[in-house]
Amino acid sequence: MIRYRNANTDDIVERAHPDARLEMLPNWERLQPDDATGPPQESSGGEGGRGPGAERPARSAPKAAWQEYARTVASDSDEEAAVEDLTKDDLVERYGAPPPS
């Protein structure tokens, strides 16, 4: 089963095969098998984060979750201010890499 999540409503749909229509719509995102099936949960911090109390959101998490995470791990105030201007894809690319072990 392939799952898609609507970034605006957090609705999730399942399809037996890839859905070309959902793939092309900007507000729908295909979930990876290891992504959470529900809306992102509030983080209590802990393992996996790069900053104090920071936990990297799932790739499918809403842009707001990525912005909050980016502000938490930003190296300086200029970078923190730039978070508002980045797209979700830019945020994931810049802040989505797992922290070094």
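These figures come from a predicted structure and were not determined experimentally.
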Gap between atom CG of Asn27 and atom OH of Tyr4 - 0.5 Å precision: 13.0 Å

Other residues, nucleotides, ligands: >12 heavy atoms within 6.0 Å of Glu14 CD: yes

Minimum-distance pair of heavy atoms, taken over all atoms of Trp28 and Val13: CZ3-CG2, 3.8 Å

Distance in Å, Ile12 CD1 paired with Arg5 CZ, rounded so as to fall on 0.5 Å steps: 4.5 Å

Side chains of Arg94 and Asp90 in contact at under 4.5 Å (non-hydrogen atoms): no

Intermediate values then yes/no, salt bridge (charged side-chain N to carboxylate O under 4.0 Å, His left out), Arg59 and Asp89: CA-CA 9 Å; Arg59 167 77 176 94; Asp89 289 336; 3.2 Å; yes

Residue pair Gln67 / Glu84, side-chain heavy-atom distance below 4.5 Å: yes

Least distance between heavy atoms, Thr9 atom then Asn6 atom: N-OD1, 3.1 Å

Co-membership, hydrophobic cluster, residues Tyr69 and Leu86, 4.5 Å side-chain: yes

Any Glu29 side-chain heavy atom under 4.5 Å of Glu23 side chain: no

CA sep, side-chain torsions, deciding dist, call: Ile2, Asp19, side chain to side chain contact (heavy atoms under 4.5 Å, CB included): CA-CA 9 Å; Ile2 298 172; Asp19 186 316; over 6 Å; no

Over all atoms of both residues, closest heavy-atom pair of Trp66 and Arg56: CH2-CG, 3.9 Å

Side chain to side chain, Pro18 and Arg30, heavy atoms closer than 4.5 Å: yes

Contact summary for Lys88 and Ala61, nearest pair of heavy atoms: NZ-O, 2.9 Å

From CG (Leu91) to CZ (Arg71), nearest 0.5 Å: 9.0 Å

Closest contact, heavy atoms only, Pro57 versus Ala65: CG-O, 4.0 Å

